[in-house]
Number of protein chains: 2
Amino acid sequence: MHDMRDRPEPVTMATIARMAGVTQPTVSRAFNHPARLSPETLDRIMQAVRQTGYVPNIVAGGLASSRSRVLAAIVPSVVNITYVALIRTFSAIMRQRGYQVMLMESGFDATEEERLVALSLAHRPEGILLTGIQHSEQCRRMLVASGIPVVEVWDLTRSPVDVCVGFSHEGAARAAARHMLSRGYRHFATAAVDDARAIRRNLAFAQELRANGHACRMGRDLPGLPSIRSGRAAFARLIEDGLPIGQSAIFCSSDVMAQGVMIEARARSIEIPREVAVMGFGDQDHAADLDPPLTTIRIDRDALGQRAAEALIARIDRQDVPERRIDIGFTIVERNSL
Amino acid sequence: MHDMRDRPEPVTMATIARMAGVTQPTVSRAFNHPARLSPETLDRIMQAVRQTGYVPNIVAGGLASSRSRVLAAIVPSVVNITYVALIRTFSAIMRQRGYQVMLMESGFDATEEERLVALSLAHRPEGILLTGIQHSEQCRRMLVASGIPVVEVWDLTRSPVDVCVGFSHEGAARAAARHMLSRGYRHFATAAVDDARAIRRNLAFAQELRANGHACRMGRDLPGLPSIRSGRAAFARLIEDGLPIGQSAIFCSSDVMAQGVMIEARARSIEIPREVAVMGFGDQDHAADLDPPLTTIRIDRDALGQRAAEALIARIDRQDVPERRIDIGFTIVERNSL
DNA sequence: TTGAAAGCGCTAACAT
DNA sequence: ATGTTAGCGCTTTCAA
């Protein structure tokens with residue numbers, strides 16, 4: 001084994017104060033209100049800081065000021081780019097404002113989310129970001145009782161815990177249906193995993209089709225996360241269940257599912273989009289680089305992260321927040337798969 | 001705008017103590033050493049806790065005990081599954097031990113990493129996870145001076161800041177070369193993005209080939225993150241530069257790159273593996289679901305996360321740490337693309 | 001411009 | 001089994 005580094009006695013503001021011949025609160029001012037100090041004093045302090053490599057203890061500061069400088073973010077999955085891309089923008093903006101974010105993964109499970117919220121609360125975050133609007137009753141109660149600002153992302157609702165930023169999943173699905181109709185497709189199907197938002201979209205998709213006199217084959221929703229495997233399986237099932245070849249369009253719950261559909265179609269020598277057309281959801285990075293390039297629905301995840309950050313900052317600063325519902329919309333990106 | 005919820009006066013251990021008719025330290029004991037309390041006292045305290053929904057303030061506790069219960073983790077990219085899959089396992093294990101992790105993204109930039117380490121230090125994490133072994137001098141100094149346990153993942157080195165867990169990139173690349181040779185391929189190329197670890201692998205790959213009397217076309221390393229686009233571009237360039245069709249094998253810097261290579265090959269009607277064979281790196285989730293299934297090098301990222309967690313816990317607890325270098329190895333997964 | 005004093009919400013001795 | 005006391009490293013009045 002290797003030698004334990006003995007803890008050197010920790011450097012604190014008191015240490016710096018002693019070195020600079022001032023009192024500890026003066027050192028605190030050097031960091032928080034440098035303008036209020038005489039240049040000479042500031043200089044001596046900063047010299048001591050440099051010599052020691054001292055870094056102020058935010059935790060102690062947070063305790064004193066009741067500002068932890070910490071945020072909590074809970075996403076369903078940290079390996080799913082759909083949810084993480086947003087966190088990246090959110091974190092970057094927040095970091096600039098002096099916040100660090102604790103990222104946690106709920107695994108699409110409301111009970112686990114509730115547990116994580118409880119854990120977060122112990123760190124007294126100044127704000128919490130939650131994915132989606134479906135939380136356990138207990139979770140909502142804890143959140144409300146804590147009085148901590150909360151931003152819910154990806155969905156819109158009339159009764160957010162605090163603020164929500166997202167888009168209309170139903171609207172996007174209806175737009176997809178209308179787009180396919182206008183393109184002349186006559187047979188429709190969905191390929192989705194068992195995910196609350198995807199299911200809501202598919203329902204709206206089928207409804208819009210029905211309103212226009214068309215039926216929709218609802219692919220059986222597959223368990224687990226969206227994956228190429230699920231996409232392949234979904235397409236295989238659809239074909240085996242008799243989806244007509246020609247004038248058919250498939251609405252996928254994500255780009256990854258669509259990718260799976262395309263791979264399976266190729267393996268079965270079914271040509272896309274001539275024989276079967278495909279639409280994805282999400283417009284992930286490589287949607288444009290597939291062959292054929294994937295037609296999909298773009299959600300501006302950066303905007304989502306940014307608006308979420310802005311909304312949360314406003315709530316933390318107790319500014320007037322005019323809208324508790326922020327709609328970032330969606331766009332259909334036409335490429336060649338449909 | 002909507003009504004600001006007025007902050008109710010915060011519930012603390014003192015509040016609970018008053019309600020339960022005990023002193024505040026007794027409430028502390030109820031959480032940290034419940035066995036030392038009489039069942040009746042414990043009961044009264046817990047009742048008050050339930051009534052108020054009180055959650056102990058870990059930050060204050062951390063200040064008092066010098067145990068922040070916080071960890072910092074810095075990865076190059078939070079949207080790249082390669083780096084995040086590990087964090088997920090790591091976080092889950094650490095959470096069970098009562099730690100929360102602050103996740104940060106360095107963007108493959110040592111200077112940014114240095115900044116993030118400095119920011120982390122302000123939160124007095126009990127341990128830090130770093131990706132890779134290349135850090136700025138200043139960064140290493142800060143780390144060592146802080147005395148905080150550090151685990152470096154993905155690479156092995158004889159001189160880690162503290163502990164490292166990874167595997168031999170050179171060894172993996174040489175194994176790939178030998179594997180291709182044994183399969184009878186005669187023309188070799190690499191397809192990589194401009195990434196330190198990928199470049200090291202490619203060098204070792206070419207060297208092993210040379211040692212066996214074969215040349216290797218080094219695909220020009222593409223800028224940016226690995227993507228399907230880069231993979232397509234790399235393959236296109238290789239073909240245009242005259243890579244022979246037949247008995248050729250391409251060593252990719254990641255599975256995503258390999259996926260791009262396969263897509264571009266298909267678009268050019270080049271059959272894999274008959275005309276050109278492809279090997280990926282990483283064995284990501286859908287490697288097996290591609291068509292053809294991708295032959296690749298598996299790195300057990302869960303093991304990486306787990307061993308990293310274990311090593312860090314050992315260091316935090318100041319246990320004897322016999323090995324500062326933990327090799328988790330790699331395996332070649334034979335599927336059909338090579 | 002700086003110092004003195006108090007206190008943030010806990011944990012950890014040490015008493016009893 | 002519980003209370004008393006101190007103190008973690010800061011920020012924030014209030015004085016001077």
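Quantities reported herein were computed from a predicted structural model and do not represent experimental measurements. Each chain gets a letter, A, B and so on, in the order the sequences are listed, and its residues count up from 1.
In this structure, the separation between OG on B/S68 and OH on B/Y99 is 7.5 Å, given to the nearest 0.5 Å.
With distances taken from any side-chain atom of A/T41 to the nucleotides C/dT2, C/dG7, C/dT11, the minimum falls on C/dT2. Residue A/P25 has its side chain nearest to D/dT11 when only D/dT5, C/dC10, D/dT11 are considered.
Annotation: side chain of B/F90 is not in contact with side chain of B/V153 (no heavy-atom distance under 4.5 Å).
Within the structure, a side-chain polar atom (N or O) of A/S38 is placed less than 4.0 Å from OP1 or OP2 of C/dT2. For A/N32, a side-chain nitrogen or oxygen approaches OP1 or OP2 of D/dT11 to under 4.0 Å. Taking 4.0 angstrom as the limit, A/Y54 places a side-chain polar atom (N or O) nearer than this to OP1 or OP2 of D/dC10. Between C/dG3 and A/T26, a contact under 4.0 Å exists linking OP1 or OP2 to a side-chain N or O.
If you measure from atom CZ of B/R124 to atom C1' of D/dG9, you get 9 Å, rounded to the nearest angstrom.
Taking the nucleotide of DNA chain C with the nearest heavy atom to each of B/L63 and B/R29, the more 5' of the two is matched to B/L63. Map B/F31 and A/G21 each onto its nearest nucleotide of DNA chain C; the residue landing nearer the 5' end is A/G21. Mapping B/P39 and A/V27 onto DNA chain D via the closest heavy atom, the residue that lands nearer the 5' end is B/P39.
Note on B/V59: nothing from the nucleic acid sits closer than 4.0 angstrom, heavy atoms only. Nucleic acid contact for B/T23: base, since at least one base atom lies under 4.0 Å from a heavy atom of the residue. Contact annotation for A/S65: backbone-only contact, meaning every heavy-atom pair under 4.0 Å involves sugar-phosphate atoms and none involves a base.
With 3.5 Å as the limit, one finds no donor-acceptor pair spanning the side chains of A/E114 and A/H135.
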Starting from the C-alpha separation in whole Å, work towards a yes-or-no answer on side chain to side chain contact (heavy atoms under 4.5 Å, CB included) for B/E152 and B/V150. CA-CA 7 Å; B/E152 292 164 279; B/V150 173; 4.3 Å; yes

